[in-house]
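Structure record follows, encoded as structure tokens.
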Amino acid sequence: MDASSSVGSAFKNSLDSFGDLSGPSVAAIVLAASDVALIISDDGVVQDLAVNEPDLPRNLFDTWVGRPFADQVTVESRPKVERLLTVASEDTATVVQAHINHPRSGGEDLPVRYATTPLSAGRILAVGTDLTPIATAQRRLLAAQRAADREYAKLRGAEARFREYFQLSREPAVFLDDGDRISAANQSALQSWPRLGRLVGRRVSDLVRTADREGLLAELAEVRRIASARILTLPMGRVIIAPRRHERGAVLLRFCDPTDRPLS
């Protein structure tokens, strides 16, 4: 948006198509097609202007007529103004456009995209489009992205603390993926089922008796359906089944007060 660029195409028979337009007709068309339009002398001085956008601050333009256009823009925009005016003065076949910022006291700069084209008698027409809605949307998007980054950082911190608690818990606990396979197990779980060896990758049904497997799998399906924790009572003790809300289909199983640990 900040870089100057040329318009892609032009009318092939502009003289035949528009040669009979009167001054008032041209002025009306220019104003209808722009938010702000300027008539600038070939030495860069604003000779006349018109504002069509009601949301633009009218007092911003009150002192422009009779003063150099380059004085009405921010420092970083001045090279772009020079290019706009130079090309319009030297090349009658090229329309150049650029994003120009106008400073405002006590507020954000006013961003306007201008396109320039030469007129007769050493004058240049600059047609401007207010970019404030786009700039506002970009700021909101950036703010939303920063807020999302902060929330993600908080989530990662909370997840790190939870994982630490998970590993230090004296109760056996495992994470399950959406296929009911163990994706992580704490030290207590490894000690509870030593004959199984490595728990990660095993099916959760390996942790309970054969007679209890159907009930456990049914409870897992229900927890995923209602997205809420449930408690299942088995001969080995209570099992808390809780969904992992930020991991689709993932579940945490915590074995509370196990009195009988099969396969141990």
Side-chain angles (χ1 to χ4, degrees), residues 1-2 107-109 111 131-264:
M1 181 181 294
D2 288 331
E108 298 284 343
D109 293 342
L131 298 179
T132 300
I134 297 176
T136 300
Q138 289 177 333
R139 285 195 296 270
R140 289 175 178 171
L141 179 61
L142 181 59
Q145 181 62 50
R146 288 174 176 169
D149 290 344
R150 288 194 297 269
E151 290 302 315
Y152 180 66
K154 291 179 183 178
L155 180 62
R156 290 187 62 183
E159 177 68 14
R161 291 190 294 271
F162 178 79
R163 290 279 181 176
E164 183 178 6
Y165 167 77
F166 168 79
Q167 290 297 339
L168 295 176
S169 174
R170 305 176 79 176
E171 296 175 324
V174 297
F175 287 118
L176 305 182
D177 61 21
D178 56 4
D180 291 334
R181 289 188 179 275
I182 298 171
S183 59
N186 67 2
Q187 190 62 34
S188 182
L190 296 175
Q191 293 171 353
S192 296
W193 290 276
R195 292 181 57 187
L196 293 181
R198 178 179 171 83
L199 294 183
V200 172
R202 284 188 172 274
R203 294 192 177 277
V204 68
S205 55
D206 293 343
L207 303 183
V208 299
R209 295 174 175 177
T210 302
D212 298 327
R213 291 176 180 175
E214 183 177 348
L216 175 60
L217 295 178
E219 286 296 309
L220 285 169
E222 182 65 8
V223 164
R224 291 189 175 101
R225 186 184 71 82
I226 64 176
S228 181
R230 293 171 67 90
I231 299 177
L232 174 65
T233 301
L234 299 175
M236 65 181 298
R238 293 177 302 136
V239 182
I240 297 177
I241 308 173
R244 299 283 288 150
R245 300 186 185 279
H246 62 284
E247 297 179 30
R248 185 177 180 84
V251 174
L252 169 67
L253 266 65
R254 185 156 58 95
F255 296 83
C256 303
D257 308 318
T259 57
D260 183 14
R261 297 174 182 177
L263 303 179
S264 61

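Just so it is clear, the values below take in all heavy atoms, side chains as well, and ignore hydrogens, waters and symmetry mates.
Applying the salt bridge (charged side-chain N to carboxylate O under 4.0 Å, His left out) criterion to Arg139, with sequence neighbours excluded, gives no partner residue. Partners of Asn186 by side chain to side chain contact (heavy atoms under 4.5 Å, CB included), not counting sequence neighbours, listed by chain and number: Phe166, Gln167, Ser169, Ala173, Ser188, Ala189. Applying the side chain to side chain donor-acceptor pair (under 3.5 Å) criterion to Arg203, with sequence neighbours excluded, gives no partner residue. Annotation: side chain to side chain donor-acceptor pair (under 3.5 Å) contacts of Arg254 (sequence neighbours excluded): Glu171.
Put simply, the side chain of Arg202 gets close to the backbone of Leu196: a donor and an acceptor are under 3.5 Å apart.
Rounding to the nearest 0.5 Å gives a distance of 11.0 Å between CZ of Phe255 and CD1 of Ile240. A distance of 10.5 Å separates CD in Glu214 from CG in Asp212, rounded to the nearest 0.5 Å. Once rounded to the nearest 0.5 Å, the distance linking CG of Asp109 with CG of Leu131 reads 12.5 Å. With values rounded to the nearest 0.5 angstrom, Asp178 atom CG is found 14.0 Å from Arg244 atom CZ. The distance from the CG atom of Asp177 to the CD1 atom of Ile182 is 9.5 Å, given to the nearest 0.5 Å. Separation of atoms OG (Ser205) and CG (Leu220) is listed at 10.0 Å; rounding is to 0.5 Å.
Residues Leu253 and Leu207 form no side-chain contact, since every pair of their non-hydrogen atoms from C-beta on lies 4.5 Å or further apart. Annotation: side chain of Val208 is in contact with side chain of Leu234 (closest heavy-atom distance under 4.5 Å).
Listed by first then second residue, pairs satisfying side chain to side chain donor-acceptor pair (under 3.5 Å) with a partner in residues 218-230 read Asp180-Arg224, Glu219-Arg230, Glu222-Arg225, not counting sequence neighbours.
Of all heavy-atom pairs between Leu199 and Ala185, the closest is CD1-CB, 3.9 Å. Nearest heavy-atom pair, Arg238 versus Thr233, reported as atom, atom and distance to 0.1 Å: CG-OG1, 4.1 Å.
When each of Leu252, Leu216, Val204, Leu176 is paired with Ile241, the side-chain contact (heavy atoms from CB on, under 4.5 Å) condition holds for Leu216 and for no other.
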Could you tabulate the donor-acceptor pairs under 3.5 Å formed by side-chain atoms of residues 141-154, not counting sequence neighbours?
from, atom 1, to, atom 2, distance (Å)
Gln145, NE2, Asp149, OD1, 3.0

